[in-house]
Enquirer: 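Please see the structure below; I have some questions.
Throughout, a chain's letter reflects where its sequence line sits, starting with A, and its residues are numbered from 1. What's counted below: heavy atoms across the whole structure, side chains too, no hydrogens, waters or symmetry copies.
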There are 2 protein chains.
Amino acid sequence: MDHEERRSQIAEAVVRIAASRGLEAASMREVAAEAGVSLRLVQYYFHTKEELLRGVLAHLGRLIAQRVARAVAALGEPVTPRTFLYGALPALIPTDDESRRIVLAYQAHYTLTLTRPELAPDGLTYANALRDLVARHIREAQEAGQASGDEDPGVAAAIVLALVTGLQSSVLAGQYDGPEAVALLTAHLDRLFT
Amino acid sequence: MDHEERRSQIAEAVVRIAASRGLEAASMREVAAEAGVSLRLVQYYFHTKEELLRGVLAHLGRLIAQRVARAVAALGEPVTPRTFLYGALPALIPTDDESRRIVLAYQAHYTLTLTRPELAPDGLTYANALRDLVARHIREAQEAGQASGDEDPGVAAAIVLALVTGLQSSVLAGQYDGPEAVALLTAHLDRLFT
DNA sequence: GTTTTCATGGTACACATGTATCAAGAACGG
DNA sequence: CCGTTCTTGATACATGTGTACCATGAAAAC
């Protein structure tokens, strides 16, 4: 059978367990049962548990990137800095069940990596790259006169991304639902693009 | 011996373990060893593990509230809405080792409650109360002409608190250090208080 | 002074965990 | 046809886990 597909299937099982019963309930045996395979098979595709968790984290990264890319693509051409930010950032907020599962599992892994850094091989690479990307779009919007220019693009990008992270947490905890959180995010963006 | 003190001592041990090796490493035996007491004693003061985790969460809440109160008190009189926000909110960002421990342990517990709501008896009570408190201060600042009045205080409060949450995560992950995160937060506040 | 409650210790038990081992069919090239 | 490599299965093992049980001073109440 195809290796990548099997690994995805198992990783998906971990995501489901982590989102419903918590990451600590994702034992090798539970994962095997949830994925509908034998324990030995989980061991075969992910030799150790550490490798499994790393694989799941990578899988979650792909899922999230895919969701964002899809949201941006749905905007149609042309993709201006403004439409990019209004399209990509809200895609990170959990709305439907699937995005909630993904973000919840991601947050569980994220928290785990805080005390087990060896599980996050790339560490802050993606976070910093994303911030720089957002900063670049903000700067372009400023140069095009769409945004007020009296703010450092790097600072504004860091703020808006931290806001997204915080809103993710709030939605997961049930403080706001998806649309409410998106409204808060766009309210912040609206002040950026005066 | 004093009951409350013993419970605090044990809860503090859990916080240290959670911050260094992760909450999943906080088994009853490890907690006992870290606290320098016997396993039986941990069982005596917290009959079950669920009760222990609830106790630690309550303890963390007290520690955080105490830190914020201290930061506000350090501002001296009079406490205006503006000084309150500039004093209380940055106190939530991890700067020294102790605040890092507290926030890290809190985040671990928070993530755990997402899939085990029975561990968070008060749920969103505090979060909503804090948001309303911040909203009230923002509204007062607006009425005093210290802040631009074209923004809903509730929305602004929700945004700034989500930002704080996101900055906490970023600092824990090492993306920003404490002073950088505080600078980002005050940059946001500065735009609120034109 | 005896009894009862509190505080602490040691230990046992049933179970879950990650990992390793042994085994057997399947696919496939020589 | 045979051997080799890839997949999959069942199971064993050592250890860690939460919890329960029994025991012992100490203090307090009557």
Enquirer: Which listed nucleotide (C/dT8, D/dT19, D/dG9) is nearest to the side chain of B/T48?
Expert: D/dT19
Enquirer: Please report the distance, rounded to the nearest Å, between NE2 in B/H47 and P in C/dT8.
Expert: 13 Å
Enquirer: Using the rule that Ile, Leu, Val, Met, Phe, Trp and Tyr join whenever any side-chain heavy atoms are under 4.5 Å apart, tell me whether B/I17 and B/Y45 fall into a single cluster.
Expert: yes
Enquirer: Could you state the NZ-C1' distance from B/K49 to C/dA16, rounded to the nearest angstrom?
Expert: 13 Å
Enquirer: Mind calculating the distance between CG (A/D2) and C1' (D/dT7) to the nearest angstrom?
Expert: 14 Å
Enquirer: Can you list the steps and then say if A/H109 with A/H59 is a ring pair (Phe, Tyr, Trp, His ring centres under 6.0 Å)?
Expert: CA-CA 12 Å; A/H109 275 78; A/H59 185 237; over 10 Å; no
Enquirer: Just compare C/dT8, D/dT8, C/dT19 and give me whichever is closest to any side-chain atom of A/Q43.
Expert: C/dT19
Enquirer: Does a nitrogen or oxygen in the side chain of A/H3 sit under 4.0 Å from OP1 or OP2 of D/dT7?
Expert: yes
Enquirer: Of the nucleotides C/dC22, C/dG18, C/dT8, which one has an atom closest to the side chain of B/L41?
Expert: C/dT8
Enquirer: Any side-chain N or O of B/S27 less than 4.0 Å from the OP1 or OP2 oxygen of D/dT17?
Expert: yes
Enquirer: Can you check the A/Y44 OH to C/dA23 C1' distance for me, whole Å?
Expert: 15 Å
Enquirer: Can you tell me the distance, in whole Å, between the CD atom of A/E24 and the P atom of C/dA16?
Expert: 16 Å
Enquirer: When clusters are formed by joining ILVMFWY residues with side-chain heavy atoms under 4.5 Å apart, either directly or through shared neighbours, do B/F46 and B/L23 land in the same one?
Expert: yes
Enquirer: Does D/dT7 have OP1 or OP2 under 4.0 Å away from a side-chain N or O of A/R6?
Expert: no
Enquirer: Is B/D2 atom CG crowded by more than 12 heavy atoms from other residues, nucleotides or ligands, each under 6.0 Å away?
Expert: yes
Enquirer: Of the candidate nucleotides C/dT19, C/dT11, C/dT8, which contains the atom at the shortest distance from the side chain of B/L39?
Expert: C/dT11
Enquirer: Is there, by distance only and without an angle test, a donor paired with an acceptor across the side chain of B/R29 and the base of D/dG16 below 3.5 Å?
Expert: no
Enquirer: Provide, to the nearest angstrom, the distance between the CZ atom belonging to A/R7 and the P atom belonging to D/dT7.
Expert: 12 Å
Enquirer: How long is the line joining CE of B/M28 and P of C/dA16, in whole Å?
Expert: 18 Å
Enquirer: Once you apply a heavy-atom cut-off of 4.0 Å, does B/Y45 come out as touching a base, just sugar-phosphate, or nothing?
Expert: sugar-phosphate
Enquirer: Give me the ring orientation class for B/H188 and A/H188: parallel if the planes are under 30° apart, tilted from 30 to 60°, perpendicular past 60°.
Expert: tilted
Enquirer: Nearest to the side chain of A/R40, which nucleotide is it out of D/dG18, D/dC22, D/dG9?
Expert: D/dG9
Enquirer: Rounded to the nearest Å, what distance is computed from the CD atom of residue A/E30 to the P atom of nucleotide C/dT19?
Expert: 16 Å
